[in-house]
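Take a look at the structure below.
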Protein chains: 2
Amino acid sequence: MRRPTMRDVATLAGVGIKTVSRVINGEPNVSEAMSERVLRAAAALDYQPDVHAGSLKRGDRRTSTIGLLVSSVANPFDSQVHRAIEVVAAERGVAVFAASLAEDPENERTMVHASIRRRVDGLIITPTRPDQGYLAVELDRGLPVVFVDREPTGLMADAVVSDNVAGAAMATRHLLQRGHRRIAFLGDLDRVQTARLRRQGFLEEVGRAGVPTVDLQIITDLHDEESAALAATRVMSSVPPPTAIFSSQNLVTIGVVRALRELGLSRTVAVVGFDDIALGGLLDPPITVVAQDTQGIGTLAAQRLFARLDGDTSPGQTYVVPTTLIQRGSGEIPAPPR
Amino acid sequence: MRRPTMRDVATLAGVGIKTVSRVINGEPNVSEAMSERVLRAAAALDYQPDVHAGSLKRGDRRTSTIGLLVSSVANPFDSQVHRAIEVVAAERGVAVFAASLAEDPENERTMVHASIRRRVDGLIITPTRPDQGYLAVELDRGLPVVFVDREPTGLMADAVVSDNVAGAAMATRHLLQRGHRRIAFLGDLDRVQTARLRRQGFLEEVGRAGVPTVDLQIITDLHDEESAALAATRVMSSVPPPTAIFSSQNLVTIGVVRALRELGLSRTVAVVGFDDIALGGLLDPPITVVAQDTQGIGTLAAQRLFARLDGDTSPGQTYVVPTTLIQRGSGEIPAPPR
DNA sequence: TTGAAAGCGCTAACAT
DNA sequence: ATGTTAGCGCTTTCAA
C-alpha cells in the first residue's frame with residue numbers, strides 16, 4: 001500500500017541501507033551476490049527511488065529535469081522544438097517539464113519560479129518579458145538558461161534563433177526577382193522581436209533594390225488569422241493594389257491565403273510566408289514559404305544547455321540557424337507586365 | 001552565489017525557521033509585522049522554496065506536478081490535448097511534465113517509472129503497451145492515472161476517448177447517403193486501438209446498409225503519409241475502383257488527398273477523414289472530416305485526474321467524447337450514376 | 001566489501 | 001504568536 005523506501009528494500013534484503021543505495025546507483029565495490037539480492041528485493045517491492053530525496057544531500061543537487069517555457073505547447077513551431085529537445089534530453093535520462101507562456105509577460109516570471117521551486121537543472125525559454133535581467137541571479141547560482149526563438153534582453157546567455165532578417169530578405173528578394181515592386185508586408189504583433197526582425201529584413205531588401213517607399217504597404221500588429229484576412233482584403237482594395245504579399249508569420253499567411261481566395265486573386269497575387277504551413281504544398285496554389293529549422297533549433301538549444309551543465313563557462317552567445325526558401329508556386333507568380 | 005534556504009531567510013529576518021515556513025506557506029497565526037519582515041528577507045535573498053524538500057515530510061507528499069505521456073508532443077492531436085490539460089493544471093498551480101512515447105511500448109514503462117521517481121501526483125497516459133496491469137500497484141499506492149485517447153487493458157481506471165466507433169459510422173453513413181457503395185477504408189496500424197475501433201464503426205455501418213462485402217476494400221497498417229498514398233493509388237487502380245474513401249487517420253488522409261490529386265481524381269472521388277487536418281478548409285476540394293474535440297478531451301482528462309486527487313474513489317470509467325462531422329466539400333461528392 | 005551516523009531543506013508535532 | 005525537535009528518503013562521511 002505505502003510506497004516502499006530504500007530502507008524497506010534494505011530490510012527485505014537483510015542488508016544495510018547504504019548497500020542498497022550503492023546497488024541502485026550502480027556504485028562500485030558491491031559483490032555480485034549482494035547486488036543480485038538487493039535487486040531482487042527492490043523488484044519484489046516494485047521500488048522506485050525518489051530522485052529529489054536523493055538530490056537533497058548529493059553534492060551536485062541535480063534532479064535530471066529541465067524546464068521548457070514556450071509560447072504555446074500547442075503551437076506547431078514550439079511543439080516541434082519541444083520534441084527535438086526531448087530527444088536530446090531523453091538520451092541523458094533527463095525529463096522535460098513544459099509550460100506555455102501564451103505571450104503573457106507575467107507568466108514568464110511565474111513559470112520560471114515554478115521551475116526553480118521544483119529545482120530543475122536548467123531552463124530553455126522563449127523570452128516574453130521586455131527584459132530578462134531578473135534571471136542574472138539564477139545564472140550566478142549555477143542555473144543554466146538557454147533562450148530559443150528570440151534573444152534575451154539585459155542578460156548575456158546562449159540563444160538559438162532563426163535568421164529572421166536574412167530569411168525575410170530572401171523572401172523579399174525572391175519576389176523582387178519576379179518583377180514585383182508594389183509589395184505589401186503583413187506582420188504580426190510588433191512587440192514580438194521576431195516580427196520586428198522580419199520587417200527589418202524586408203525593408204533592408206527593398207531598400208537595396210531601390211524600391212520607392214510609395215510602392216510599399218507595411219501593416220503590423222496582426223494578431224490572428226481574422227485580422228490578417230481583413231488587412232489583406234483592405235490592402236488589395238488600395239489603388240493601385242500590390243502585386244505581391246510577404247506575410248511574416250504562420251497565422252498571418254493563412255489569413256492572407258483565405259482572403260485572396262475569397263477575392264479570386266490567389267492565382268494572380270504572389271505570396272511568400274515566413275514559417276512553414278502544414279499541408280502548404282497541397283493548397284491551390286501551393287504556398288511558397290521561408291521555413292524554419294525547428295528540429296535544428298531544438299536540438300541545438302538542448303545541446304547548449306547540456307554543454308553548460310557539463311561545465312562550459314564560455315560567454316553566452318547567439319546561435320543563428322539558417323532558414324530555407326521552399327518554392328511551391330504562390331511565390332513564383334510573376335508581376336504582371338506594366 | 002549559493003541558493004538560499006529557509007534557514008538563511010530565518011537568520012536574515014532574525015526569526016525561527018518555522019515562522020518563515022508559516023509565512024511562505026500562508027499559514028495562520030502570524031502577526032502582520034512578522035509576516036512582512038519575513039517576506040522582505042525572502043525577497044532580498046530571492047528565496048524560492050524547494051517544493052520537493054517540503055513534500056518529503058508533509059503528510060500528503062504532494063509535489064504539485066503531474067506527468068503526461070502521449071504519442072508525441074509534436075503531434076497536433078497530442079499537443080492540443082496537452083495545452084488543454086495544462087490550462088486546468090495551471091489553475092491549481094500544478095506543473096506538467098510531458099514526454100513522447102513514440103508508439104514504442106518499451107517507452108511507456110520507462111517513462112512511467114521516470115515520472116514516479118520524480119514523485120508526480122498523478123499521470124495522464126496514452127496507453128501504448130498491450131497491457132496496463134503493471135500499473136495496478138501504483139493505483140493501490142494512491143497514484144491516480146487517467147488514460148487519454150485509448151482505453152487501458154487489464155486495469156480499471158478513468159479513460160477519456162473520442163467516440164471512434166460512432167464517428168467512423170457517421171462518416172460512413174455520410175458517404176452512403178450520397179449514394180456511394182464501393183467504398184475503400186484506409187486505416188493506420190491495426191495494433192493501435194483507435195484504428196481498430198474506427199474500422200469497426202465503418203464495418204458496422206456498411207453492414208447495416210447491406211452493402212455487399214465485394215464492394216468494399218479494407219486496407220490497414222498504413223503507418224505514414226507515403227504508405228497511405230501508395231495504398232490509395234493501388235486501390236484506385238482496382239476494377240471497378242471505389243467511388244469514395246474513408247481514411248481513418250490524419251496522415252493517412254493527407255496521403256490519400258495527395259494521391260487523388262496526382263491521379264486527377266480529387267474532384268471525382270469522395271473523401272472523408274477521421275481527425276481534423278490543419279487548413280483542411282483551404283484545400284481543393286476542402287476536406288470533409290470527423291473532428292475530435294481535443295480541448296474537451298484534455299480538459300476532461302485533467303478534471304478527472306484532479307477529482308481523484310481530491311478524493312474521488314468511485315470506480316474508474318470511460319468517458320466518451322463525441323466527434324463532429326465537418327462538411328467541407330470532399331465528402332459531399334456524390335456517387336456517379338450507375 | 002559493508003554499514004552506522006549525520007545531515008540535505010523542509011514540515012509535523014509539540015513546546016513555550 | 002513564535003520556536004524547538006524530530007524525521008521525511010536519501011547520500012555523504014567515516015568507521016569496521
Side-chain angles (χ1 to χ4, degrees), chain A residues 2-39 41-42 45-65 113 116-121 141-142, chain B residues 2-39 41-42 45-65 113 116-121 141-142:
Chain A
R2 183 176 56 80
R3 187 175 291 289
T5 69
M6 196 171 262
R7 167 144 271 119
D8 296 326
V9 177
T11 304
L12 179 61
V15 301
I17 183 175
K18 179 68 239 210
T19 301
V20 177
S21 173
R22 273 189 267 260
V23 173
I24 294 292
N25 295 292
E27 285 171 33
N29 298 329
V30 185
S31 73
E32 188 56 40
M34 186 88 276
S35 177
E36 199 183 317
R37 187 141 62 99
V38 168
L39 288 175
L45 295 174
D46 202 51
Y47 170 71
Q48 296 294 340
D50 182 327
V51 169
H52 289 278
S55 108
L56 214 45
K57 177 75 187 181
R58 219 178 311 118
D60 60 10
R61 303 289 264 97
R62 293 280 170 87
T63 60
S64 293
T65 306
H113 289 148
I116 291 174
R117 287 198 298 266
R118 287 171 183 80
R119 296 299 186 264
V120 296
D121 295 337
R141 287 171 184 167
Chain B
R2 183 176 58 80
R3 187 174 291 288
T5 69
M6 197 172 261
R7 167 144 272 118
D8 295 326
V9 177
T11 305
L12 179 61
V15 302
I17 184 174
K18 179 69 233 207
T19 300
V20 177
S21 174
R22 274 190 265 260
V23 173
I24 295 293
N25 295 291
E27 285 171 35
N29 298 330
V30 185
S31 73
E32 187 57 37
M34 185 89 279
S35 176
E36 198 182 319
R37 189 141 62 101
V38 168
L39 288 175
L45 293 175
D46 202 48
Y47 171 71
Q48 295 293 340
D50 182 327
V51 168
H52 290 277
S55 107
L56 213 44
K57 177 74 186 179
R58 219 179 310 117
D60 61 9
R61 304 288 266 95
R62 293 282 170 87
T63 59
S64 293
T65 306
H113 290 148
I116 291 174
R117 287 200 296 268
R118 286 170 183 80
R119 296 300 186 265
V120 295
D121 295 337
R141 287 171 182 166

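Keep in mind that the numbers below use all heavy atoms, side chains included, and drop hydrogens, waters and symmetry copies. Note on naming: letters A, B, ... go to the chains in the order of the sequence lines (proteins, then strands), and numbering restarts at 1 for each one.
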What I want to find out is whether A/R2 reaches A/D8 closely enough, with some N-O distance under 4.0 Å, to be called a salt bridge. yes

Between atom CG in B/L56 and atom C1' in D/dA6, what is the gap in whole Å? 13 Å

Which letter, B, S or -, goes with each nucleotide of nucleotides 11-16 of chain D from 5' to 3', with contact meaning a protein heavy atom under 4.0 Å? BB----

Specify the separation, in whole Å, of atom CZ of B/R119 and atom P of D/dG9. 9 Å

Earliest and latest nucleotide of DNA chain C, 5' to 3', sitting under 4.0 Å from a non-hydrogen atom of chain B? C/dG9 to C/dA13

Partners meeting side chain to side chain donor-acceptor pair (under 3.5 Å) with A/T65 (sequence neighbours left out): B/R118

Atom pair distance, as rounded to whole Å: CZ in B/R7 and C1' in D/dT5: 11 Å

A/V38 and A/V15 have their tightest heavy-atom pair at CG2-CG2, 4.1 Å

Over all atoms of both residues, closest heavy-atom pair of B/A13 and B/A41: CB-CB, 3.9 Å

Identify the two heavy atoms, one from A/A42 and one from A/V9, that lie closest to each other, and give their separation to 0.1 Å. N-CG1, 3.9 Å

Do you know which two heavy atoms are closest between B/V23 and B/V30, and how far apart they sit? CG2-CG1, 3.8 Å

Which is more 5' along DNA chain D, the nucleotide nearest B/V15 or the one nearest B/R61? Just name the residue. B/V15

Sugar-phosphate, base or nothing in reach of A/D50, heavy atoms under 4.0 Å: sugar-phosphate

So that I can tick it off, tell me whether B/R141 and A/D46 are bridged by a salt bridge, with the cut-off set at under 4.0 angstrom between side-chain N and carboxylate O. yes

Flag if over 12 foreign heavy atoms under 6.0 Å of CD, A/E36: no

